[in-house]
Chemist: 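The structure's right below; bear with me while I get my questions together.
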Amino acid sequence: MLRMSTLFLRTLREDPADAEVPSHKLLVRAGFIRRVAPGVFTWLPLGYEVYRNVESIVRNEMNAAGFQEVHFPALLPREPYELTNRWTEYGDTLFRLQDRKGADYLLGPTHEEMFTLLVKGEYSSYKDLPISLYQIQSKFRDEARPRAGILRGREFVMKDSYSFDIDDAGLQVSYEKHREAYIATFSRLGLKFVIVSAMSGAMGGSASEEFLAPTPVGEDTFVHCASCGYSANVEAVVTVAPDRIDASNIPAAHIEQTPASGTIEALVSYSNRDFARDDRPWTGADTLKNIIFVVAAPDGSESALAIGVPGDREIDTKRLEALLQPSEARIFEESDFLKFPKLVKGYIGPSVLGENSISGVRYLVDPRVVDGTRWITGANEAARHFYDYVAGRDFTADGIIDVAEVRAGDLCPTCGSGFEIERGIEIGHIFQLGRKYAEAVGLKVLDENGELITVTMGSYGIGVSRAVAAIAEQSHDDKGLIWPREVAPADVHLIAAGKDDAIFIAANKLAGELEAAGVRVLYDDRTTVSPGVKFNDSELIGIPTIVIVGKRLAEGFVEFKDRRTGERQDVALVDAVQELKALNEN
RNA sequence: CGGGGUGUAGCGUAGUGGCUAGCGCGUCUGCUUUGGGAGCAGAAGAUCGCAGGUUCGACUCCUGUCACCCCGACCA
């Protein structure tokens with residue numbers, strides 16, 4: 001039993017100045033967490049209670065799925081991360097340190113290498129597989145910008161699992177098992193979530209899905225189709241390419257003077273005035289905008305890449321980076337243009353783009369640029385544009401690249417209706433890693449023919465500490481937190497409201513009986529604060545059921561209040577234990 | 001790393017060169033109070049982020065520096 005009179009707790013009446021999002025404000029105000037350093041937090045007793053509940057649900061579901069728990073150190077030597085090149089590739093995000101001898105260490109940001117090496121050290125036969133191992137561990141990432149309290153810290157707790165299989169079919173099975181376990185876990189945590197297809201990101205590999213908890217403060221943007229249920233991270237959305245168009249009736253391409261056409265808007269309004277089309281007005285979507293990037297490969301080599309998108313859309317750099325991984329892209333600067341005299345900034349057009357063109361710059365276009373589409377696009381001379389420049393007839397790109405910004409109303413690749421755009425917190429991520437890490441560390445086993453085969457892996461993460469914040473984010477009101485029963489710091493928040501000895505005697509007795517009945521109780525036994533303070537604290541803390549022993553005690557009643565709905569009802573004191581026990585069993 | 005902002009008591013804040021740095025919350029003492037963050041009386045608590053400079057005088061102006069927050073680029 002937690003007693004408020006002695007509990008290490010100080011609730012705050014005002015929001016902390018450095019908090020922006022509701023979960024951060026409320027977790028601090030309710031005395032669940034305190035900041036120690038940017039992105040680094042201490043769990044206070046109530047917060048730690050919630051954290052442990054979340055952790056034990058996660059552990060419980062992992063065990064139920066047949067995965068086995070191990071525990072690696074957070075402090076790791078450099079060498080394993082050299083094998084996979086991540087000592088370098090992780091860059092500044094890695095917390096590095098040295099021991100007294102000057103040997104390099106790191107604080108683990110994730111543990112693929114360690115798990116892979118562990119299995120390599122113990123197992124060497126196909127008969128040992130499949131196996132899935134997991135740990136619940138603090139991870140350290142020196143994020144460029146930690147934010148939103150515990151939602152994105154530099155030290156955070158993650159449950160990470162890894163599956164080891166001898167072939168792709170096995171990996172598929174392991175992946176599905178984790179997927180099921182994740183669904184069970186997040187459901188029990190009381191989180192609303194969607195599963196979206198995702199890019200595999202820096203980890204390499206193929207199939208990948210994210211579990212996102214929808215909330216306005218989420219850092220991930222995803223699309224959702226209300227009619228067929230398709231969901232995808234914006235990075236992974238597949239743009240629907242229109243059908244090819246018969247271009248035989250389109251006039252021949254011609255170059256026109258287009259003064260003051262530095263922006264798409266100016267170009268469109270100018271075009272409608274002086275070069276109106278026969279059927280309808282020109283729009284930004286009729287212009288083909290060509291943006292040049294410098295793509296830097298991990299080995300440092302650079303190359304130019306031209307991307308053509310409809311003029312009414314920007315290039316989504318997140319989508320671009322995701323596609324180019326592990327290379328990085330930056331937009332052309334003045335100094336880059338000097339190296340490519342054929343490229344006239346602001347008037348770049350397909351006629352000088354492409355691997356076989358005079359510029360030699362690789363040219364990729366948006367999927368909407370199908371054969372027969374008719375464009376206004378740069379003529380590679382200042383203040384000049386091509387009109388009726390038709391894809392497939394007047395130019396051909398080197399390929400397709402799907403990196404234009406995604407918008408609400410864009411077409412769902414599955415059913416063709418318009419989809420919506422929402423934000424979510426990434427609470428879990430599962431993906432089929434494949435053999436990347438197994439190859440890097442040499443994890444092979446003998447198959448039934450006595451041949452060495454490389455193991456194939458899956459990798460699966462749950463942000464455990466983040467889940468606490470995600471729950472808070474999804475479940476609160478203007479008065480405070482509202483915890484789902486299974487993660488709440490207690491089942492019942494018992495308040496002794498009044499000053500009569502009789503009230504405290506009855507409340508003490510009830511608290512004891514509840515505890516004996518296995519109901520977790522937070523008992524506000526403070527004699528020095530007024531009932532109003534206790535009520536406000538109980539709403540801020542967010543335990544699902546509030547029981548008040550107060551003015552109706554004389555008639556033999558206590559009051560039950562549901563934190564979420566605010567509903568109150570009087571219950572006979574003699575029935576209280578039984579009823580509260582029953583609440584727990586639902 | 002780019003852009004913006006802020007550093008004053010445990011928390012939230014006021015203070016445009018001039019007296020002893022002010023207020024609310026919280027804390028402590030005493031009395032009163034107990035169904036919606038109580039009242040009265042008193043008290044403790046601040047090297048005004050740090051360093052340097054200008055000035056008779058700096059929380060206030062200048063320079064530098066550090067830290068933190070927010071928006072972007074990157075991630076459970």
Side-chain angles (χ1 to χ4, degrees), chain A residues 10-21 24-25 28-29 31 34-35 37-39 58 89-94 108-111 136-161 182 198-199 201-203 210-213 218-220 233 235 316-318 320-322 325-326 328-331 425-431 459-470 479-480 495-500 503-504 526-540 546 548-553 559 561 568:
Chain A
R10 181 112 303 148
T11 56
L12 304 178
R13 198 183 293 218
E14 289 164 297
D15 285 335
D18 58 2
E20 205 70 18
V21 304
H24 186 191
K25 287 178 182 170
V28 172
R29 276 190 58 205
R34 287 291 182 263
R35 195 191 80 106
V58 171
E89 274 181 17
Y90 239 102
D92 292 335
T93 306
L94 200 60
T110 173
H111 284 71
I136 295 173
Q137 236 281 5
S138 291
K139 308 286 182 180
F140 299 85
R141 293 184 194 171
D142 193 0
E143 296 280 348
R145 186 156 93 82
R147 72 182 95 176
I150 230 157
L151 215 41
R152 160 123 157 198
R154 295 194 297 172
E155 175 177 340
F156 57 94
V157 177
M158 180 161 106
K159 187 289 304 175
D160 50 329
S161 315
Y182 274 37
M199 302 297 292
M203 303 294 184
E210 284 174 346
F211 288 72
L212 299 181
E219 292 187 277
D220 281 63
N233 192 300
E235 289 163 26
D316 184 330
T317 50
K318 268 192 162 177
L320 178 61
E321 296 266 350
Q325 284 283 354
E328 293 182 1
R330 63 172 173 82
I331 200 151
I425 299 165
E426 183 178 1
I427 47 176
H429 197 161
I430 55 177
F431 51 90
S459 157
Y460 317 90
I462 290 179
V464 179
S465 46
R466 175 180 281 183
V468 174
K479 295 196 176 83
I495 294 176
K499 60 172 179 176
D500 293 352
I503 286 175
F504 280 88
R526 292 175 293 179
T527 54
T528 52
V529 300
S530 65
V533 173
K534 295 185 177 182
F535 295 147
N536 282 316
D537 276 346
S538 71
E539 278 151 354
L540 184 56
I546 298 161
I548 302 153
V549 180
K551 56 189 179 187
R552 295 215 58 200
L553 177 69
E559 191 176 333
K561 188 164 73 167
R568 299 153 178 260

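In what follows, chains carry the letters A, B, and so on, assigned in the order in which the sequence lines appear, proteins first and then strands, with residues in each chain numbered from 1.
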Chemist: From CZ of Phe535(A) over to P of rG37(B), roughly how many Å is that when rounded to an integer?
Modeler: 10 Å
Chemist: Checking all strands, does Ile425(A) fall into the base, sugar-phosphate, or nothing category for heavy-atom contacts under 4.0 angstrom?
Modeler: nothing
Chemist: Taking side-chain hydrogen bond (donor to acceptor under 3.5 Å, both in side chains) as the definition, give me every residue that meets it alongside Arg154(A), ordered by chain and number, with sequence neighbours left out.
Modeler: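 Arg154(A) satisfies side-chain hydrogen bond (donor to acceptor under 3.5 Å, both in side chains) with Asp142(A) once adjacent residues are dropped.
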Chemist: Residues in salt bridge (charged side-chain N to carboxylate O under 4.0 Å, His left out) with Lys139(A), at least two apart?
Modeler: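 Once residues adjacent in sequence are excluded, the partners of Lys139(A) under the salt bridge (charged side-chain N to carboxylate O under 4.0 Å, His left out) criterion are Asp160(A).
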Chemist: Donor-acceptor pair under 3.5 Å: do we get one between Asp537(A)'s side chain and the base of rG37(B)?
Modeler: yes
Chemist: Using a cut-off of 4.0 Å on non-hydrogen atoms, how would the nucleic acid contact of Lys551(A) be classed: base, sugar-phosphate, or nothing?
Modeler: base
Chemist: For Tyr182(A), which residues count as a ring pair (Phe, Tyr, Trp, His ring centres under 6.0 Å) partner, sequence neighbours excluded?
Modeler: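 Ring pair (Phe, Tyr, Trp, His ring centres under 6.0 Å) check on Tyr182(A) returns Phe186(A), Phe211(A).
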Chemist: Rounded to the nearest Å, what distance is computed from the CZ atom of residue Arg34(A) to the C1' atom of nucleotide rG10(B)?
Modeler: 10 Å
Chemist: Report the residues that fulfil salt bridge (charged side-chain N to carboxylate O under 4.0 Å, His left out) with Arg13(A), sequence neighbours left out, ordered by chain and then residue number.
Modeler: none
Chemist: Please state the P separation for the pair rC69(B) and rU32(B) - nearest whole angstrom.
Modeler: 47 Å
Chemist: Check nucleotides 4-8 of chain B against the protein and report each pair of N or O atoms closer than 3.5 Å, with its distance, or say if there are none.
Modeler:
none

Chemist: Got a sec, which residues hit side-chain hydrogen bond (donor to acceptor under 3.5 Å, both in side chains) with Gln137(A), two or more places apart in sequence or on another chain?
Modeler: none
Chemist: Check the distance between rA76(B)'s P and Ile136(A)'s CD1 and give it to me in whole angstrom.
Modeler: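 Distance, rounded to whole Å: 18 Å.
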Chemist: In whole Å, I'd like the distance from the CD atom of Glu143(A) to the C1' atom of rA76(B).
Modeler: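 Going from CD in Glu143(A) over to C1' in rA76(B) covers 9 Å.
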Chemist: Fill in the dot-bracket string of RNA chain B, one character per base: . for unpaired, | for a pair to another strand, ( ) or [ ] for pairs within the strand, taking Watson-Crick or G-U pairs under 3.5 Å.
Modeler: (((((((..((((....[...)))).((((((.....)))))).....(((((..]....))))))))))))....
Chemist: Counting primed atoms plus P, OP1 and OP2 as sugar-phosphate and everything else as base, spell out the protein contacts along nucleotides 67-73 of chain B at 4.0 Å heavy-atom distance: B, S or - for each nucleotide, 5' to 3'.
Modeler: -SSBBBB
Chemist: Going 5' to 3' through nucleotides 21-28 of chain B, assign each nucleotide B (protein heavy atom under 4.0 Å from a base atom), S (under 4.0 Å only from sugar-phosphate atoms) or - (no protein heavy atom that close).
Modeler: ---BSSS-
Chemist: I need the Leu540(A) CG to Lys479(A) NZ distance, nearest 0.5 Å.
Modeler: 12.0 Å
Chemist: Determine the Euclidean distance between corresponding C1' atoms of rC62(B) and rC68(B); express it in Å to zero decimal places.
Modeler: 23 Å
Chemist: Just jot down the ring pair (Phe, Tyr, Trp, His ring centres under 6.0 Å) partners of Phe156(A), sequence neighbours excluded, or say none.
Modeler: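 In terms of ring pair (Phe, Tyr, Trp, His ring centres under 6.0 Å), with neighbours along the sequence ignored, Phe156(A) is linked to no residue.
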Chemist: Identify, with sequence neighbours excluded, every residue that meets side-chain hydrogen bond (donor to acceptor under 3.5 Å, both in side chains) alongside Lys25(A).
Modeler: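 For Lys25(A) there are no side-chain hydrogen bond (donor to acceptor under 3.5 Å, both in side chains) partners, ignoring immediate neighbours.
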Chemist: Rounded to whole Å, how long is the line connecting atom CD of Glu219(A) with atom C1' of rA76(B)?
Modeler: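 Atom CD in Glu219(A) sits about 10 Å away from atom C1' in rA76(B).
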Chemist: For Glu155(A), which residues count as a side-chain hydrogen bond (donor to acceptor under 3.5 Å, both in side chains) partner, sequence neighbours excluded?
Modeler: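 Per chain and number, Glu155(A) pairs via side-chain hydrogen bond (donor to acceptor under 3.5 Å, both in side chains) with no residue.
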Chemist: Reckon Thr527(A) touches a base, only the sugar-phosphate, or nothing at all at heavy-atom distances under 4.0 Å?
Modeler: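 Base: the residue Thr527(A), judged by heavy atoms under 4.0 Å, touches a nucleobase.
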Chemist: Send over the distance from Leu553(A) CG to rG35(B) C1', rounded to a whole Å.
Modeler: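 Atom-to-atom, Leu553(A) to rG35(B), this comes out as 14 Å.
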